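As structure tokens, the structure follows; a few thoughts come after it.
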Amino acid sequence: MEAKLSHLIKNLEVLEVIGEIDKNIVDLQSDSRKARKEGLFVAVRGVNTDGHKYIPVVASTHVGAIVCEDLPASLEKDVTYIRVPNSAIALGILASNWYGNPSSRLKLVGVTGTNGKTTTATLLYEMAKLEGYKAGLISTVCNYVHERAVPATHTTPDPITLNALLAEMVETGCDYAFMEVSSHAAHQHRIAGLTFAGGVFSNLTRDHLDYHGTVENYMNAKKMFFDMLPAGAFALVNADDKAGAYMLQNTKAKKYTYSLRTDADFRCKILETRLDGTLLLLNNHEVEVHFTGRFNAYNLTAVYGASILTGFNPEEVLVNMSRLVPVAGRFQTLHGGNDVTAIVDYAHTPDALVNVLDTIREIIGAGGEITTVVGAGGNRDHGKRPMMAREAACRSDLLILTSDNPRDEEPDTIIADMKEGLTNEELRRTLCITDRREAIRTALRMAKPGSVVLIAGKGHETYQEVKGVRHHFDDREEVMNEFKA
């Protein structure tokens with residue numbers, strides 16, 4: 001694969017060009033270690049390193065061109081240097097041009113928000129297939145090119161990987177693509193150069209403050225996605241979340257809302273709820289779904305609205321809502337022979353824990369017992385740790401604090417941070433078991449018939465990350481092994 005440099009830099013905001021642009025480029029990279037002869041290297045300022053540091057080394061490998069924000073002190077004569085105001089934005093546009101602007105050749109819908117991104121994007125992908133279309137999915141759990149699974153490493157991949165996936169979807173004949181848009185991806189311009197047919201906003205609560213610093217910065221990163229939507233797209237937001245209206249302030253897209261509490265374009269009411277399903281009223285139509293909880297009612301209302309706005313037949317959408325099934329690790333219910341129910345959920349923020357635990361309590365009533373097993377990730381927002389423990393403790397009869405993905409931190413240190421949020425009375429109802437496997441076993445063995453054990457934080461993940469190494473670990477496997485013991 002090759003392309004003219006003059007074609008690749010089309011639509012790019014260029015400040016200065018030094019060298020020839022009428023040359024063939026055979027490769028595109030932002031990783032200096034992968035730069036090739038006659039290729040194009042984009043020097044991006046990242047979180048951990050600055051690609052500009054590697055320009056002299058890359059230039060010496062006879063690369064064809066280099067895109068950067070600052071020119072190096074000395075220039076190689078056969079290399080074309082292109083100076084731009086923001087090389088991260090440039091990379092997105094270049095990647096889109098390199099792969100033939102695939103996002104403009106299918107209907108691409110992005111989903112952002114603190115909670116519900118994976119469920120909403122995945123269910124939209126499933127809905128498209130139920131409607132008889134080929135579709136692609138880019139998500140935290142797994143990417144799909146129609147039916148082919150492609151392992152996911154980030155919620156939103158880098159621009160080159162992202163456009164390669166979209167190009168493969170186009171080549172496979174996909175009509176639609178649905179993707180999670182993380183706050184990191186928006187802030188780092190990973191979605192620059194993409195053409196979206198629509199955007200969905202779920203909610204905004206505290207998360208990723210280790211990266212964004214403040215909730216306001218985090219919210220503005222989400223808003224960047226809606227600011228870039230074109231006039232022909234739709235913007236669908238949760239009217240019950242105060243950040244919803246903020247997302248719409250500067251968007252050019254057509255504005256729509258969904259709600260469980262107020263008038264909206266897409267309105268939902270919960271009529272009946274159980275551990276294995278809910279009866280909903282969607283725009284005055286009764287629908288039985290295989291999902292539980294108010295948070296899932298919001299997700300499903302977003303799916304219902306986005307499906308119609310995407311162009312699916314409204315009557316068929318209603319029928320297919322009842323055929324959708326929960327996403328792996330999202331309020332996934334497992335039953336033991338001793339009448340104990342285990343729920344595995346990805347809840348890893350204070351708000352997500354509140355949503356899940358309030359749902360469980362609403363269903364089993366005041367007399368039912370809830371045990372919660374939860375930890376917090378290492379090298380992430382320390383401030384949410386005591387908040388998570390506090391929300392879990394006040395909604396559980398027994399709380400077991402354990403290890404999540406400690407990464408480079410000591411698990412006991414993370415647990416100590418979580419305990420800071422607990423009162424003396426809550427500490428008396430709390431066990432600290434660092435080994436997550438033992439914590440899950442203990443919770444299930446202590447559970448009484450008719451009780452519920454929530455295992456929160458990891459959901460779909462099949463690993464535990466310790467000191468840079470990922471060890472196989474699956475909460476669902478641990479539950480089933482204990483139920484079979």
Side-chain angles (χ1 to χ4, degrees), residues 31 44-51 88 112-115 117-118 139-141 151-158 161 180-188 190 204-222 329 345-353 372-392 400-422 432-437 439-440 455-475:
D31 185 337
V44 177
R45 301 189 196 279
V47 177
N48 300 314
T49 187
D50 184 352
T112 195
T114 304
N115 302 312
K117 293 189 299 296
T118 300
S139 84
T140 303
V141 178
T153 56
H154 293 81
T155 299
T156 311
D158 67 88
T161 304
E180 294 183 51
V181 177
S182 69
S183 57
H184 293 71
H187 185 257
Q188 295 168 12
R190 283 185 240 156
L204 190 129
T205 60
R206 180 185 178 122
D207 201 12
H208 302 304
L209 298 198
D210 54 299
Y211 177 83
H212 294 289
T214 67
V215 172
E216 184 179 10
N217 290 342
Y218 176 48
M219 181 167 61
N220 285 330
K222 298 285 188 189
D345 193 87
Y346 189 53
H348 60 283
T349 65
D351 183 69
L353 281 169
T372 299
V373 179
V374 67
N379 303 109
R380 298 293 187 268
D381 180 9
H382 288 220
K384 74 177 182 180
R385 293 173 183 176
M387 297 168 63
M388 289 175 64
R390 185 184 313 127
E391 300 292 9
I400 301 180
L401 298 178
T402 189
S403 178
D404 191 311
N405 288 320
R407 299 185 176 88
D408 297 323
E409 290 191 67
E410 291 299 323
D412 289 341
T413 302
I414 299 172
I415 292 172
D417 287 344
M418 298 186 79
K419 286 172 65 179
E420 289 295 319
L422 304 179
C432 297
I433 304 175
T434 305
D435 185 299
R436 191 174 180 92
R437 178 174 289 112
I440 293 171
I455 301 159
K458 292 179 61 60
H460 65 281
E461 292 179 352
T462 56
Y463 62 85
Q464 191 158 31
E465 187 174 336
V466 184
K467 304 295 183 186
V469 179
R470 290 189 172 188
H471 306 270
H472 178 77
F473 193 94
D474 187 327
D475 285 350

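What you see is a predicted model, and the numbers here were worked out from it, not measured in a lab.
The distance from atom CG of N217 to atom CE of M219, rounded to the nearest 0.5 Å, is 9.5 Å. Within the model, atoms CD1 of I415 and CG of D404 stand 10.5 Å from one another, a figure rounded to the nearest 0.5 Å. Residue D475 holds its CG atom at 10.5 Å from CZ of R437, rounded to the nearest 0.5 Å. Summarising the geometry, atom NZ belonging to K222 is positioned 7.0 Å from atom CG belonging to L204; distances are rounded to the nearest 0.5 Å.
Judged purely by atom type and a 3.5 angstrom limit, S139 has no side-chain atom pairing as donor or acceptor with the backbone of T118. Panel note: side chain T462, backbone F473; no donor-acceptor pair is recorded below 3.5 Å.
N405 pairs with exactly one of E461, E465, R470 by the side chain to side chain donor-acceptor pair (under 3.5 Å) rule, that one being E461.
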Decide side-chain contact (heavy atoms from CB on, under 4.5 Å) for K117 and T140; before the verdict, give the C-alpha distance in whole Å, the side-chain angles of both, and the deciding distance to 0.1 Å. CA-CA 9 Å; K117 293 189 299 296; T140 303; 5.7 Å; no
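Here the shortest heavy-atom pairing between A88 and V44 reads CB-CG1, 4.1 Å. The minimum heavy-atom distance linking L353 with A456 is given by the pair CD2-CB, 3.7 Å. Of all heavy-atom pairs spanning T349 and M388, the tightest one is C-CG, 4.0 Å. When all heavy atoms are compared, the tightest approach of Y218 to S183 is CE1-OG, 3.4 Å. The minimum heavy-atom distance between R407 and G377, with the atom names listed, is NH1-CA, 3.7 Å. Nearest heavy atoms, G383 versus D381: N-OD1, 2.9 Å.
Using a 4.5 Å cut-off on side-chain heavy atoms (C-beta onward), D351 and T114 make no contact. Side-chain contact between T402 and D435 is absent, with no heavy-atom pair separated by less than 4.5 Å. Side-chain contact between R436 and K458 is present, with at least one heavy-atom pair separated by less than 4.5 Å. For the pair P406/I414, a side-chain contact is recorded, criterion being any heavy-atom separation below 4.5 Å from C-beta on.
We find that K467 and E410 are joined by a salt bridge, their nearest charged nitrogen and carboxylate oxygen being less than 4.0 Å apart. Classification of R385 and E409 as a salt-bridged pair holds, one side-chain N sitting under 4.0 Å from a carboxylate O.
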